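Quick notes on the structure that follows.
Just so you know, these numbers come straight off a predicted model, no measurement behind them.
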Amino acid sequence: MNDPNAAAPDNGLAIPFLDGSRTTWESLNELLEEIREGNYIYCSCLSMDEYCEEDFFSIDLKNGWVALMYNTWDEEGDAHGYLPVNREYEDSEEDAPVDIGGQTPVLKRNALTDLNLAAECVLHFAKTLELYPSVKWEEMQ
């Protein structure tokens, strides 16, 4: 998951880039506050490179629904996307009112409505490059 060629910031965070700029605690805390307040977020990205072309974690928020997605590639170059499972909507096949990147529909089962939990997922990833263990994650089909 971690790219050894990407220099992590020297501030206790594991992810080097947030929306194309060097990640700082200030920029990360601003993003976390936006999530907790339920403010509209379009395609924010924590990434290993400044262009979000390598492994990255995307965040979209609209109408109280948060779409989180971890995008990674395996050794063969195949893409994999991992989404959280919303326990309240685990059996729903209905689309959420938020899209990934403003264009890819996400099911209610894979969009979070607990804004504090969504912020914790983002913070955990920024600090560890791992998916938040208190949430069930599944690969996008």
| said: Parallel, tilted or perpendicular, judged at 30° and 60°: which one describes the rings of Phe125 and Tyr70? | reply: tilted
| message | Checking the side chain of Ser44 only, and the main-chain atoms of Ile59 only, is there a donor and an acceptor separated by less than 3.5 Å? | response | no
| query | Are the side chains of Leu129 and Phe57 in touch, meaning some heavy atoms are under 4.5 Å apart? | reply | no
| field | Side-chain donor or acceptor of Thr128 paired with backbone N/O of His124 under 3.5 Å | value | yes
| request: Mark yes or no for whether Asn86, through its side chain, and Ala111, through its backbone, hold a donor-acceptor pair below 3.5 Å. | output: yes
| field | Minimum heavy-atom distance Ala67-Ile100, with the two atoms named | value | CB-CG1, 3.9 Å
| message | With salt bridge (charged side-chain N to carboxylate O under 4.0 Å, His left out) as the rule and sequence neighbours excluded, what pairs involving residues 75-92 come up? | response | Glu90-Lys136
| Side-chain heavy atoms of Leu107 within contact of Ser92, under 4.5 Å | no
| query | Any chance CD of Glu37 has more than 12 other-residue heavy atoms, nucleotides or ligands included, within less than 6.0 Å? | reply | yes
| Are any side-chain N or O atoms of Asn71 and backbone N or O atoms of Asp55, one a donor and one an acceptor, separated by less than 3.5 Å? | no
| Which residue pairs pass the disulfide (SG to SG under 2.5 Å) test when at least one of the two sits in residues 61-141, sequence neighbours left out? | none
| Who passes ring-ring contact (aromatic ring centres under 6.0 Å, His included) against His80, sequence neighbours left out? | none
| said: Please check this pair: side chain of Trp137 against backbone of Tyr132, looking for a donor-acceptor N/O pair closer than 3.5 Å. | reply: yes
| Distance, nearest 0.5 Å, that separates OH of Tyr82 from CE of Met140 | 13.0 Å
